[in-house]
Amino acid sequence: MGSLQEEQAQIPVIDISPANKNAPAELLDAACRFGFVFVANNEAGISPELISKVFDISTEFFALPNEVKQEVSIASNKAGKNHGWLSQGVEKLDPKVQVRADVKEAFNMGLPDSKGTFEQPLPSPITQNLSIITSFQSACSSLCDAILTHFATALQIPTDWFTSRHDRTKGPSGTVFRLLYYPQTPTKTDVDIRAGAHSDYGSITCLFQLPGQPGLEIKTPSGDWAPVPVDPLDQAKEGKALPILVNIGDLLEDWTGGLLKSTKHRVVFPKSEEGAGDRYSIAYFCHPLDDALLEPVPSEVVREHVRTHGGKERKVITARDHLMERLAATYSVK
Ligand SMILES: O=C(O)CCC(=O)C(=O)O
Ligand SMILES: [Fe+2]
């Protein structure tokens, strides 16, 4: 058996700044091969201080008593579909396989409307730090735009082909900002998993992890599960900004005729003492505008892929209809 290092998924770390002229090609290659890529954070523009503040807000929120979190529950119906607190037992990401629901809590937030207001009730750790949260959401949105622009460049289509379909000044979208908390549960059994195997539903996801809190795994083309490092360049001890993990979601896979891969992933309990304890993560699920049609991207690179690999015949539906289908399968909100 190889060392832990050898078994880890070899996801490339890419500089997406204008200084790297190969960024579009490197991103496309990683998206086609792994569906996951690390973006070097010194170029992504999300400061380690801001990330750390959001983790602090998250810790404060999940430490609140359940009765208080219940006031902003996803089941309260006040929050609108897919927004609010998910208590333990609400989400089962791999419903066909999982016996029990994911061992986790989450808080899903939409983005503010043009007047800066949120449609959902927000808990006090968030209302007291709203500018931090909105700065973070904006930074994630800019990072997604930069990546989507690089993909358009690499696919030889107009550079704004994807970003214009994600432009929130034109209408609502399913974009969700999510705080996640996986408690270390002494009573867990062998069938328990922190997050069941799934692919993400949107265009791209940005994921923020903390050193010492591993658990994310991706399914490799050979069908094995490979752990994803939290700190791939071993920079945490130098106090440097960790690279940001970005993965492709189902919508982008559909749009590109399967060229970009929406790779299955899951979160497991740590297998050894190392990493034992709670895990916190933050995800920004970037979605297209609700009424964006999931039609094939008009790219010769995509057409060539479909010619050589055979594209699946799909009904063209809107981004919103696609999201609703996926959510219905994984939530048990009553
Ligand atoms: O917490 C993580 O590391 C992954 C979360 C995830 O995959 C999801 O919520 O879709
Ligand atoms: Fe995911």
Side-chain angles (χ1 to χ4, degrees), residues 8-9 11 31 34-39 51 54-55 58-59 61-62 74 82-95 97-98 101-110 140 144 174-185 192-219 225-232 242-253 260-271 275-287 322-323 326-327 329-333:
Q8 286 192 333
I11 299 168
F34 303 98
F36 273 76
V37 57
F38 278 109
V39 170
I51 297 169
V54 179
F55 272 113
S58 173
T59 309
F61 168 70
F62 288 115
I74 195 164
N82 200 26
H83 291 154
W85 177 56
L86 286 82
S87 61
Q88 293 270 352
V90 165
E91 191 168 40
K92 195 189 267 185
L93 277 169
D94 195 2
V97 169
Q98 278 176 258
D102 298 350
V103 183
K104 70 166 188 229
E105 292 180 36
F107 184 73
N108 287 1
M109 243 182 111
C140 289
C144 292
T175 295
V176 168
F177 166 71
R178 173 176 244 200
L179 306 174
L180 288 136
Y181 168 50
Y182 305 90
Q184 178 57 37
T185 313
D192 281 320
I193 187 156
R194 283 180 150 171
H198 67 282
S199 53
D200 290 347
Y201 314 154
S203 312
I204 49 181
T205 304
C206 304
L207 189 80
F208 300 81
Q209 313 180 81
L210 286 173
Q213 299 185 10
L216 181 64
E217 298 187 334
I218 62 168
K219 196 160 204 172
W225 287 103
V228 174
V230 173
D231 180 12
L242 300 186
I244 299 163
L245 191 61
V246 176
N247 63 288
I248 305 302
D250 296 341
L251 283 177
L252 203 49
E253 177 171 297
L260 276 67
K261 301 281 176 311
S262 178
T263 299
K264 281 211 164 152
H265 51 284
R266 66 181 187 181
V267 182
V268 296
F269 282 99
K271 294 173 190 90
D278 294 346
R279 170 181 165 90
Y280 292 85
S281 63
I282 302 166
Y284 182 87
F285 300 102
C286 171
H287 283 247
H322 181 272
L323 179 60
R326 295 298 307 269
L327 294 177
T330 50
Y331 280 153
S332 60
V333 179

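Counting convention: from 1, in listed order, for ligands and their atoms alike.
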Worksheet item: Among all protein non-hydrogen atoms, which one is nearest to atom 5 (C) of ligand 1, and what is the separation to 0.1 Å?
Response: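 I find the closest protein heavy atom is Y182 OH, 3.4 Å.
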
Item to complete: Return the residue, atom name and 0.1 Å-rounded distance of the protein heavy atom closest to atom 10 (O) of ligand 1.
Response: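 Sorting protein heavy atoms by distance from atom 10 (O) of ligand 1 puts H198 NE2, 3.0 Å first.
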
Discussion item. Could you measure the distance from the NZ atom of K92 to the CG atom of D102? Nearest 0.5 Å is fine.
Written reply: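 Here the rounded value is 9.5 Å.
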
Item to complete: Evaluate the criterion side chain to side chain contact (heavy atoms under 4.5 Å, CB included) for residue pair L216 and V230; output intermediate values, then yes/no.
Response: CA-CA 9 Å; L216 181 64; V230 173; over 6 Å; no

Specify which N/O/S atom of [X] comes nearest to the Fe ion (ligand 2), by atom name.
X    : answer
H198 : NE2
D200 : OD1
H265 : NE2

Just heavy atoms, cut-off under 4.0 Å: does [X] contact ligand 1 by side chain, backbone, both, or neither?
X    : result
L93  : neither
T205 : neither
Q209 : neither

Worksheet item: Where does the angle between the aromatic ring planes of F36 and H265 fall among parallel (under 30°), tilted (30 to 60°) and perpendicular (over 60°)?
Response: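 The rings of F36 and H265 stand perpendicular, inter-plane angle above 60°.
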
Practice prompt. Please work out whether the ring planes of Y280 and Y181 are parallel, tilted or perpendicular, with thresholds of 30° and 60°.
Written response: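 It falls in the parallel class, under 30°.
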
[X]: numbered ligand 1 atoms lying under 4.0 Å from its heavy atoms:
X    : value
V267 : 1 (O), 2 (C), 3 (O), 4 (C)
S281 : 1 (O), 2 (C), 3 (O)
H265 : 7 (O)
F285 : 8 (C), 9 (O), 10 (O)

Worksheet item: Looking only at heavy atoms, which two atoms of G249 and S262 are closest? And how far apart?
Response: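 Closest approach of G249 to S262: C-OG, 3.3 Å.
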
Item to complete: From atom 3 (O) of ligand 1, work out which of Q213, E217, R279, R194 has a heavy atom at the shortest distance.
Response: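 Comparing heavy atoms across Q213, E217, R279, R194, the nearest one to atom 3 (O) of ligand 1 lies in R279.
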
Discussion item. Just to check, does R178 reach to within less than 4.0 Å of ligand 1 when the distance is taken from its heavy atoms?
Written reply: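 A heavy atom of R178 does come that close to ligand 1.
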
Discussion item. Is it true that, when you exclude K261 itself, more than 12 heavy atoms of the residues, nucleotides or ligands shown sit nearer than 6.0 Å to its NZ?
Written reply: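 Yes, because the 6.0 Å sphere around NZ of K261 holds more than 12 heavy atoms from other groups.
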
Item to complete: Would you check if the side chain of R266 reaches a backbone N or O of E217 as a donor-acceptor pair within less than 3.5 Å?
Response: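 No, the answer is negative, given that no donor and acceptor are paired below the 3.5 Å cut-off.
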
Discussion item. So, applying side-chain contact (heavy atoms from CB on, under 4.5 Å) with V246, which one of I11, L207, T205, V39 is it?
Written reply: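 Among I11, L207, T205, V39, the one that satisfies the side-chain contact (heavy atoms from CB on, under 4.5 Å) with V246 is V39.
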
Fill in: Stepwise side chain to side chain contact (heavy atoms under 4.5 Å, CB included) test for Y201 and L251
CA-CA 6 Å; Y201 314 154; L251 283 177; over 6 Å; no

